[in-house]
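First the structure, in the form of structure tokens, and then the observations on it.
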Amino acid sequence: MNIESILQEEVKKAVSNLYKQEVPDNLIQLQSTRKEFEGDATLVVFPLLRMSKKSPEQTAEELGEYLLKNTEYVNAYNVVKGFLNLVVVSSHWIKLIEDAGKTENFGFKNITDDSELVMVEYSSPNTNKPLHLGHIRNNLLGFSISEILKANGYKVVKTNIVNDRGIHICKSMLAWQKWGEGKTPESTGIKGDHLVGDFYVKFDKEYRAEVAKLVESGMEQKVAENNAPLLNEARELLLKWEAKDKETVDLWKTMNSWVYEGFEVTYKELGVDFDKIYYESDTFLTGKDEVLRGLDEGVFYQKEDNSVWADLTSDKLDQKLLLRSDGTSVYMTQDIGTAKLRFNDYSIDKMVYVVGNEQNYHFQVLAILLDKLGFDWGKGLYHFSYGMVELPSGKMKSREGKVVDADDILKEMVDVAKQMSQELGKLESLNEEEANETYKKIAKSALKYFMLKVDPKKNMMFNPEESIDFNGNTGPFIQYTYARIKSVLRKAEADGIKVPETLNTSMKLEDKEKVVIKRIASFPQTVAEAAENYSPAIIANYCYELVKEFNQFYHDYSILKEEDGDVKGFRLVLSSVVADVVSRGMGLLGIQMPERM
RNA sequence: GCCUCAGUAGCUCAGCUGGAUAGAGCAACGGCCUUCUAAGCCGUAGGUCAUGGGUUCGAGUCCCGUCUGGGGUACCA
């Protein structure tokens, strides 16, 4: 039981005894005391004035006096304006840290057969280009939120919908047919997704050249864009694909397989994975069937040109296209089909889509459409909407090649981490293989922490020149503190110093130590809060605050050289618990902690 | 036009259901390595929380208006 809820009850009793009135819980406002005042918990007395009918100071004074005399938890108190600062007995904090060291799994809920099942969709790449920084944010958020949900006792199925068909795929296929000269990843040594992406860019370049020519010869821009020969060829290719033309399907399979091999490498580097992968080529027909069923049942309507629409004006939205006049499906159709297949495959209690905020409208509509089609889970879907990654030059545009490539940035991070480690003379005790592993851990933590520490809802700025740092509020700083603690614990063991099982509860604590303990005690709540808000950033900032607070204390005192055995024991336990909590917290972000660095 | 999200230090970001003198990091400047790892610690400087009203004991936080920016807005995904 945490101290806030204990004090809450005590304050309730105090008010009821002193003023003969019952207080609703929400009027008892306890918060942790600000650094500059003495105390551990602070009661805001303003809301209680109407019960005491006395001045803020007097009310606080009376309550403080009562709590001091009648509870075992309060050691001392002081009053500043309308704030009652309470000093909690040391033994409480010491017991807390003692227990924290022993509790399995930090007291988190275990996943059981009865646990709710959450399906998390993330990543969702197109198979016509490699992953870029925006995808990295998506992947890291999706993976991390899955871990956070698991820590809160949910069964999680991580899923990925691969957009493997459509006109954009045909564009890169066409470019390869025209200008590919039979190139393959093997023949060129280029990673598959990059090779395919190069042809997609090539298509766009040639296509724009054609459009420019047509415009020059007097055609209107829009007409030219819609009638360029290359685009028509791509459309023909799509029709051939839909007609299951063997040559086309074979090429499609081959090029997609190149891309999957490439993605696999990137996913592995990022440390993300999936339990179940869906392919749009398998789901879009189901979507079409569902839309046609909706048409039969009268929830949708058809226009004269045969296109199918949903009328959402009663939901204060617009008309929405579901099937084009030529009968082909759109993005929304595919998502309906995928949803149906998923709910057939799993008994999903909650569906979470990790997709950028540019699609807020899309998911608002999807929820309503699923509901209209009679899926009772439709309204319950959660769109985990995150902001874009912006570059100093503006928005990333993959067609124009204006992106930060995922593989490039990962590689560059490792290079910088290696260089910096060597400059600082770190990792010299490790062999080459171990050192390489460690560089990677550091590099990835820098990137992951950078992406995850920002509130997911907000757009974030990424400056390739200077953004990713290894000092200050960063992943490596947290890893560094962890590695130092591990070093202390190793030395303790080597010196035959044992980390004690029990602590002397009458020991006096330093303020900074109490701050650290309070932070640790709030870990389970923080993780729960992160799950509720779908925000790994809450965990990231928690870890940073904890490590920072610990570091400040840790720097001022020596642990192993401490003469007083009780104090030494306490500090060893505290250090070890901090290491455990930080490692666990960072684990929820998909960040591994190195034993040495 | 309409819908929607955002605006906090030079830069990148925190700020829990409204609470005390708005916090970190980077960059700048000044200290600290014969004491467990200096990827660290301590200090200085840097703010009209876009802006104008309102609600109340109390507003960065809630409500309304304005400005600026992002995103969306019927056959792109």
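Everything quoted here is computed from the prediction, not taken from an experiment. Throughout, protein chains are lettered first and strands after them, A, B, ... in sequence-line order, and every chain is numbered starting at 1. Computed over heavy atoms, backbone and side chain alike; hydrogens, waters and symmetry mates excluded.
For the pair A:Y331 OH and B:G72 P, the computed distance is 12 Å after rounding to whole Å. With rounding to whole Å, A:L317 atom CG is found 12 Å from B:A74 atom C1'. Here B:C76 presents its C1' atom at 11 Å from CG of A:N126, a figure rounded to the nearest Å. Atom pair A:F462:CZ and B:G70:P shows a separation of 21 Å (rounding to whole Å applied). Atom CZ in A:R519 sits roughly 12 Å away from atom P in B:G15 (whole-Å rounding). B:G19 atom P lies 8 Å from atom CD of A:Q29, rounded to whole Å. Rounded to whole Å, atom C1' of B:U37 lies 13 Å from atom NZ of A:K561. In this structure, A:M461 atom CE and B:G69 atom C1' are separated by 11 Å, rounded to whole Å.
Shown here are the ring pair (Phe, Tyr, Trp, His ring centres under 6.0 Å) partners of A:Y207, two or more places apart in sequence or in another chain: A:F203. With sequence neighbours excluded, the residues forming a side chain to side chain donor-acceptor pair (under 3.5 Å) with A:K12 are A:D25, listed by chain and number. In this view, A:F450 and A:F462 satisfy the ring pair (Phe, Tyr, Trp, His ring centres under 6.0 Å) rule, not counting sequence neighbours. When the ring pair (Phe, Tyr, Trp, His ring centres under 6.0 Å) test is applied to A:Y279, the partners found at least two apart in sequence or on another chain are A:Y260.
Residue A:V454 is in sugar-phosphate contact alone, with no base atom involved, counting any heavy-atom pair closer than 4.0 Å across all strands shown. A:T526 comes within 4.0 angstrom of no nucleic acid atom, judged by non-hydrogen atoms across all strands. Using a 4.0 Å heavy-atom criterion, one finds that A:M420 contacts the bases of the nucleic acid, with or without backbone contacts as well. Within 4.0 Å of A:E280, counting heavy atoms only, lie sugar-phosphate atoms of the nucleic acid but no base atom. Residue-level contact check: A:A492 touches neither bases nor backbone, having no heavy atom under 4.0 Å from any strand. Residue A:K320 is out of contact with every strand shown, counting any heavy-atom pair closer than 4.0 Å. Contacts of A:D326 with the nucleic acid, taken as non-hydrogen atoms under 4.0 Å apart, are absent. Residue-level contact check: A:F83 touches the bases, meaning some heavy atom is under 4.0 Å from a base atom. Across all strands, A:Q359 comes closer than 4.0 Å to base atoms (heavy-atom distances). Residue contacts shown for A:E545 are absent, as no nucleic acid heavy atom lies under 4.0 Å away. Using a 4.0 Å heavy-atom criterion, one finds that A:D25 contacts no nucleic acid atom at all.
If you check B:G19, B:A39, B:A74 against the side chain of A:I442, the one that comes closest is B:A39. When the nucleotides B:G40, B:C26, B:G19 are ranked by their closest atom to the side chain of A:F46, B:G19 comes out on top. Considering only side-chain atoms of A:M597, the nucleotide from B:A39, B:C36, B:U73 that sits closest is B:A39. When each of B:C75, B:A20, B:C36 is scored by its nearest atom to the side-chain atoms of A:K491, the top-ranked nucleotide is B:C36. Taking the side chain of A:D469 as heavy atoms from C-beta on, and the options B:A20, B:C26, B:G71, the nearest nucleotide is B:C26. The listed nucleotides are B:C75, B:C36, B:U12; the one nearest the side chain of A:F450 is B:U12. For A:N471, counting side-chain heavy atoms from C-beta on, the closest listed nucleotide (B:A20, B:A39, B:G70) is B:A39. Of the candidate nucleotides B:A14, B:G70, B:A74, B:A74 has the atom lying nearest to any side-chain atom of A:W309.
The aromatic rings of A:F384 and A:Y534 sit tilted relative to each other, their planes meeting at an angle between 30° and 60°.
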Under the rule of Watson-Crick or G-U wobble with both distances under 3.5 Å, where | means paired to another strand and [ ] a crossing pair, RNA chain B maps to (((((((..((((.....[...)))).(((((.......))))).....(((((..]....))))))))))))....

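Under 3.5 Å, the side chain of A:S307 and the base of B:A74 form no donor-acceptor pair of N or O atoms. Contact of A:N85 with B:A20 (side chain to base): a donor-acceptor pair of N or O atoms is detected under 3.5 Å. One donor-acceptor pair, N or O on each side, does fall under 3.5 Å between the base of B:A20 and the side chain of A:T42.
For A:R34 and B:G23, the shortest distance from a side-chain N or O to OP1 or OP2 is below 4.0 Å. Contact check, A:N551 against B:C41: a side-chain N or O comes under 4.0 Å of OP1 or OP2. Checking the phosphate oxygens (OP1, OP2) of B:C41, a side-chain nitrogen or oxygen of A:K548 falls inside 4.0 Å. Checking the phosphate oxygens (OP1, OP2) of B:U12, no side-chain nitrogen or oxygen of A:K453 falls inside 4.0 Å. A sub-4.0 Å separation between OP1 or OP2 of B:U37 and a side-chain N or O of A:S487 is present. One finds a side-chain N or O of A:K81 lying less than 4.0 angstrom from the OP1 or OP2 phosphate oxygen of B:U21.
A gap of 10 Å separates the C1' atoms of B:A9 and B:C49, to the nearest Å. Here the separation of B:C75 from B:G15, taken at their C1' atoms, is 46 Å to the nearest Å. Taking atom C1' in both B:C11 and B:C16, one finds a spacing of 26 Å when rounded to whole Å. Between B:G47 and B:G71, the distance separating the two P atoms is 31 Å to the nearest Å. Using C1' as the reference atom, B:A6 and B:G60 are 14 Å apart when rounded to the nearest Å. To the nearest whole angstrom, the two P atoms, one in B:G54 and one in B:A59, are 12 Å apart. Separating the C1' atom of B:U55 from that of B:C63 is a span of 7 Å, rounded to the nearest Å. Nucleotides B:U35 and B:G40, compared at atom C1', are 15 Å apart to the nearest Å.
Classification of B:C33 as syn follows from a glycosidic angle within 90° of 0.
Between the A:S522 side chain and the A:Q525 main chain, no donor and acceptor come within less than 3.5 Å of each other. Side chain of A:D315 to main chain of A:L317: no donor-acceptor pair is present (N/O by atom type, distance under 3.5 Å, no hydrogens or angles).
Ranked by how close their nearest RNA chain B nucleotide is to the 5' end, A:L560 and A:L321 are led by A:L560. Map A:A483 and A:N473 each onto its nearest nucleotide of RNA chain B; the residue landing nearer the 5' end is A:N473.
Between A:F550 and A:I485 there is a side-chain heavy-atom pair separated by less than 4.5 Å.
Seen from the ring of A:F284, A:R165 counts as a face-on cation partner, given the 6.0 Å and 45° thresholds.
Under the 6.0 Å cut-off for aromatic ring centres, A:Y544 and A:F477 qualify, their centroids lying closer than that.
Between A:F37 and B:A20, a base-stacking contact is recorded: ring centres under 5.5 Å apart, planes less than 30° from parallel.
Only one option out of A:Y361, A:Y122, A:F363 pairs with A:H383 in a ring pair (Phe, Tyr, Trp, His ring centres under 6.0 Å); it is A:F363.
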Protein-proximity profile, nucleotides 1-7 of chain B, B/S/- by nucleotide at the 4.0 Å heavy-atom cutoff, equals ------S

